[in-house]
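One structure is given here, and the rest of the page talks about it.
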Amino acid sequence: MPPASIPPPPPLAGLFRIDPTVVYLNHGSFGACPGPVLQAQARHRDRVEADAVRFYVDDLWSMMDRSRSALAPIIGCHARDLVFVDNATTGVTTALHNIELRPGDEILTTTHEYTACLNNTREHARRAGASVVPAELPWPMPDTDTAYERVMSRVTDRTRVALISLVTSSTGIRLPAERIVRDLDARGIDTILDAAHGPGCVPMRTDDWNAAWTTGNCHKWLFAPKGAAFLHVRRDKQPGFRPLILSNDAERLAAAAARTGRPAWHHEFDYCGTDDVSAKLSIADACGFIGSVLPGGIEAVTEHNRAMCLRARNTVCEALGVAHPVPDGMLGPMAAIELPPTSPDAASVKDALYHDWRIQVPVWDTPGGRPVVRLSAQIYNTDEQFEYLGEALRAIVR
Ligand SMILES: Cc1ncc(COP(=O)(O)O)c(C=O)c1O
């Protein structure tokens, strides 16, 4: 039976709109946007509504540039190499659509990639008569070398492109992506780096890593409103690079871009038809928020979350009497933990956690078979909440 009261959230949780009766341990799935950023978003929307013509014709461009300039130093790149998309799924799919595959080509990926990205990759391959080759990543994950070797062992002379996560979705593992990108590049293979869990999640050095395409969400760990993601395109890939949706200026891009004084591809991506762009405009505000919410700025936030995640992982593993499935060096602010063999199936555990204990945390099946719980640590969480999770899980799997 759950205790009478759930552990209270810390004072910083007051900045968020999370239901205080829920122990929210799943920042990783959809993020959580703080009140000050939502207020900034409301101001952007008001500005649009005050004079939509002026906004979409004149003001939009410099407002997008404001977000680009704020984000670029956080992810280690130049603002001119960045555009915005709605989410990482769109970022991956946009990159795929700009790659011309031939029949017989192979797209290399891993068994820990995000399902929607894999679905789009398979569909893109199918249309071209190409195939998708998933490198089998182990679970539990012993070390970075194993992850690296498993990926590289599936390279063939038909591999054209790779799709690799920086931090995997269901297992929360920080892959050695920079090493994989570099060594694939040396073999003439381009990489789409899926950094959905990138900005604000783990330190990023986009230019140094030099993937052909890097996409990542701002609405997860950077605290932007939902519908805010970036797509970084390496300069040699920018000529001819197009959004999924062509808009009014598509046939006269150079002239239109000259009018707004900006790179043609920014012009094309910044307006893909009338849309609520307030989440993208709020990326700049989210960068300001994460930079000031803790003394020490964004680095302090990522370090705080990672340290809390490691403590949480220890607490839950101890409560369940299970081993650490991933070495510390491969973890950021998320950790997946395998439930013991006595555990009911994933859906039953998730239901019991939510309905009986008021804990919002994902529980899912893994390639290895046993259900895992994936916890996320964020500044609105406390160690006590993870102790409560450990207690709940122990009672449920008994
Ligand atoms: C690794 C990874 N890639 C892509 C996505 C998709 O993100 P979105 O739903 O914002 O497109 C996720 C979502 O959790 C993810 O974890």
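A quick note: this is a predicted structure, and the numbers were derived from the prediction, not measured. Values below: every heavy atom of this structure, side chains too, minus hydrogens, waters and symmetry copies. For ligands, and for the atoms within them, numbers begin at 1 and follow the listed sequence.
- In terms of protein heavy-atom proximity, atom 3 (N) of ligand 1 is closest to D194 OD2, 2.6 Å.
- In this structure a side-chain-to-backbone donor-acceptor pair under 3.5 Å is missing from T168 to H112.
- Within the model, atoms CD1 of I192 and OG1 of T214 stand 10.0 Å from one another, a figure rounded to the nearest 0.5 Å.
- A donor atom on one side chain and an acceptor atom on the other are not found under 3.5 Å apart for T146 and E149.
- Counting atoms of ligand 1 from 1 in the listed order, those under 4.0 Å from a heavy atom of N217 are 7 (O), 8 (P), 10 (O).
- A ring-centre distance under 6.0 Å is not found for H232 and W213.
- Scanning the protein for heavy atoms near atom 6 (C) of ligand 1, the closest one is Y114 CE2, 3.2 Å.
- Shortest contact from atom 16 (O) of ligand 1 to any protein heavy atom: H197 NE2, 2.8 Å.
- Counting the atoms of ligand 1 from 1 in the order shown, those under 4.0 Å from a heavy atom of S165 are 1 (C).
- At a heavy-atom distance under 4.0 Å, only side-chain atoms of C117, from C-beta outward, approach ligand 1.
- Of all atoms in ligand 1, listed by their number and element, those nearer than 4.0 Å to a heavy atom of H219 are 10 (O).
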Item to check | Candidate pair R66 and D285, rule salt bridge (Lys or Arg N to Asp or Glu O under 4.0 Å), full reasoning | outcome: CA-CA 9 Å; R66 173 177 171 265; D285 307 288; 2.8 Å; yes

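- Short contacts between ligand 1 and N87, defined as distances under 4.0 Å to a heavy atom of the residue, involve ligand atoms 8 (P), 10 (O), 11 (O).
- Note that CZ of F55 and CG of L60 are 5.0 Å apart. Values are rounded to the nearest 0.5 Å.
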Next on the checklist: Pair D86, K280 - check salt bridge (Lys or Arg N to Asp or Glu O under 4.0 Å), show working.
Outcome noted: CA-CA 8 Å; D86 289 349; K280 298 178 181 94; 2.5 Å; yes

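- The part of K220 lying near ligand 1 is the side chain, judged by heavy-atom distances below 4.0 Å.
- Across L25, V361, N26, a single residue satisfies side-chain contact (heavy atoms from CB on, under 4.5 Å) together with R374, and that is N26.
- For A196, every heavy-atom contact with ligand 1 shorter than 4.0 Å involves the side chain, none the backbone.
- Considering T89, T90, V167 only, the shortest heavy-atom separation from atom 11 (O) of ligand 1 involves T89.
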